[in-house]
2 protein chains.
Amino acid sequence: MLDLRRLALLAEFARRGSIAATAQALGYSPSAVSQQLAALEREAGAALLDRTARSAELTDAGRRLARHADRILELVETAESDLSAHAGTPTGRVVVTAFPTGAVAFAPALARSLRRHPAMTLQLRQSPPGAGLRQVRAAEADIALVDDWTGHLPGREPDGLHYTPLLTDPLVLAVPRRHRLADPAVPVDLAALRDEPWMAAPRGEPSRAAVERLLAGVGATLPVPWEFEGLGTILSLVAKGIGIAALPLLTLATGDRGVVIRDLPAPALTRHIYAVARPSARARPSTAVTLQALRSAAQDLTSTLEPRRPRPPALP
Amino acid sequence: MLDLRRLALLAEFARRGSIAATAQALGYSPSAVSQQLAALEREAGAALLDRTARSAELTDAGRRLARHADRILELVETAESDLSAHAGTPTGRVVVTAFPTGAVAFAPALARSLRRHPAMTLQLRQSPPGAGLRQVRAAEADIALVDDWTGHLPGREPDGLHYTPLLTDPLVLAVPRRHRLADPAVPVDLAALRDEPWMAAPRGEPSRAAVERLLAGVGATLPVPWEFEGLGTILSLVAKGIGIAALPLLTLATGDRGVVIRDLPAPALTRHIYAVARPSARARPSTAVTLQALRSAAQDLTSTLEPRRPRPPALP
DNA sequence: GATCGAGCATCAGATCATCTTATGCCCAGC
DNA sequence: GCTGGGCATAAGATGATCTGATGCTCGATC
């Protein structure tokens, strides 16, 4: 295969007419140019230069190859220009995978934020618990939104993935508007609620485990709740007065306004929400831009949801 | 500057989808491919691959560069094909320089012979004595026809030029048809001819020197001859009966048929005619073809001129 | 949970390529 | 004859390329 640096030497020789002038123009010694052009002749299998004691000139084959060289070098320059022109531009597809409420909560703000980068496309998927990290590791997704009720996740950094904290999402009590606990003055006593109709997500869901941990902490065993897939569905049923539920606050991001939110008593259970990405994916402008949009959206969500948590009157 | 071998690796990676498959397809170890693609990333100043523990895939920049690479590699292949397609084809201009009678004698046969190579052009020039060799050395001409009356020229091979013997051209006596020496039975006695009106080329011409050497060898001093430029001119004057001349036989190639040729007595003076070329020029198909045409023409000339030298009757 | 195999990266080192410097030769011009 | 320009070649320092060994992370299978 021909060598680009040698082709560039030949093209310059074609312009300058002597080995010495070529060497000077490109900053080599004449000896180096002579040797490299001889090497190009061996590569090409043709005599490219006709040499005498005092001068050298291109053969027909040499002239022909010099013309090709000009075209090839031009294409190389186009390629390099193209690369640097796009270096800072977010382009291509970014795949974000998220747990269901995360996907729903972040979708509107993400879409709005990324609209200003027309050269990139966002694919937002929902995935089951634990699948997000695996997909990022396998490059099946660029960013995963993960929730952690344990408080241990950032310790996973030795796996090489990068965790960006987005927000802290508390578990809250959702009751119908006409419920007695809709009044902020009424204290929340979990033990007194054990005869209420509870609704929860199916076993295996992280929020279900969190709710069970909460009630075990106050010595109350949750009666067999009505199980529904999707926290959004549960929220709608609470709004219709069917029952009560303990849900992550984020569920309220786009949820029904027909419910009242109450803080649950200590110990406060919260989950941390992170955006996880491979370092190599983070280095891409498109992924970097998406992470920034997620941070922005998280701040907006926090501002939006905070007023939905009325505080009890300060103690006298 | 990007490197073609690395671009070829990237293009192959784009087709095969893994470093291991690329390495196998191109006969490298995975380690070499990994390192060379990393080097290409440094050259290009962009992340071209997105790597995980078990796989690698192209980034947007990588895909973009791979497309450019395909185009560049295609142009390189075009260049190489073009070179080898023309490798055996005589093309371009060939410059032949010759002493005057040589140019005239060889021109018709040369023109005929080279007509079958339409992609090349022949330039046939006349040059003064000694200029041919210099022009070949300086690449101002590709082939020089030179004549040597000394018999020493082939010893000049240490100068790197290549000498191709074409023909041996004897010095002969040209007399008018009505001259007494037109009869082959009459012996040629140079001493008896000193009162004849001689014609010769000007001093400095090789044939002039040869004639003077001939007559000095028989103790005869040539009277101040009538000097004319061009042996062809002298031959025409002989045909008109103006005088006699000692000329190289080659002069008769296209000369006047109104003269009679006689051998001169021993010692026989001859000149050797060579085609001289640089080795690098000889390697070109067009020059090689021209040299072959010259050899052919020389044989034709020898066949044509030999019957113009009638032999004296064999001694009883 | 243990093992295996695939596929990536990094390291150490053998071999080859590139470039510089020194030297030599051939010219033309003065 | 001398000088300067321009080519080639040789020797050697330095850098590049490739191999083989090793290590790590996975997913699949048992």
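Throughout, a chain's letter reflects where its sequence line sits, starting with A, and its residues are numbered from 1.
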Here the residues of residues 19-29 of chain B within 4.0 Å heavy-atom distance, strictly under, of DNA chain C are B:I19, B:A20
**Test applied, side chain to side chain contact (heavy atoms under 4.5 Å, CB included); reference residue, B:L114; option that passes from B:L122, B:V94, B:T121** =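 Output: one option passes, namely B:L122.
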Which residue in the set B:T164, B:L167, B:V289, B:L166 passes side chain to side chain contact (heavy atoms under 4.5 Å, CB included) when paired with B:L294?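 Exactly one pass, corresponding to B:L166.
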Protein-nucleotide distance ([X], atom [atom1]; [N], atom [atom2]), rounded to Å:
| X | N | atom1 | atom2 | value |
| --- | --- | --- | --- | --- |
| A:R5 | C:dT18 | CZ | P | 9 Å |
| A:E57 | D:dG6 | CD | P | 15 Å |
| B:R16 | C:dG7 | CZ | C1' | 16 Å |

Taken in chain and number order and not counting sequence neighbours, the residues that satisfy side chain to side chain contact (heavy atoms under 4.5 Å, CB included) with A:P165 are A:Y274
task: Output all residues satisfying side chain to side chain contact (heavy atoms under 4.5 Å, CB included) with B:S31, sequence neighbours left out; order by chain, then residue number.
output: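 B:S31 satisfies side chain to side chain contact (heavy atoms under 4.5 Å, CB included) with B:S29, B:Q35 once adjacent residues are dropped.
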Just jot down the salt bridge (Lys or Arg N to Asp or Glu O under 4.0 Å) partners of [X], sequence neighbours excluded, or say none.
| X | result |
| --- | --- |
| A:R125 | none |
| B:R203 | B:E212 |
| B:D50 | A:R278, A:R284 |
| B:R282 | none |

Counting primed atoms, P, OP1 and OP2 as sugar-phosphate and everything else as base, the B/S/- map of nucleotides 12-17 of chain C against protein heavy atoms under 4.0 Å is ------
Within residues 40-48 of chain A, those residues having any heavy atom closer than 4.0 Å to DNA chain D are none
message: Can you pull out every salt bridge (Lys or Arg N to Asp or Glu O under 4.0 Å) where at least one residue sits in residues 95-104 of chain A? Sequence neighbours excluded, please.
response: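 Every candidate salt bridge (Lys or Arg N to Asp or Glu O under 4.0 Å) pair involving residues 95-104 of chain A fails, so no pair, neighbours aside, qualifies.
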Contacts satisfying salt bridge (Lys or Arg N to Asp or Glu O under 4.0 Å) that involve residues 68-81 of chain B (not counting sequence neighbours) are B:R15-B:D70
Walk me through whether A:T52 and A:S55 qualify under side chain to side chain donor-acceptor pair (under 3.5 Å). CA-CA 5 Å; A:T52 67; A:S55 69; 3.1 Å; yes
| said: Whether the B:H68 and A:D82 side chains hold a donor-acceptor pair (N or O, under 3.5 Å, no angle test) is what I'd like checked. | reply: yes
Grab the N/O contacts between the protein and nucleotides 28-30 of chain C below 3.5 Å, and write none if there aren't any.
unit_1 : atom_1 : unit_2 : atom_2 : d
C:dA28 : O4'    : A:R54  : NH1    : 3.4

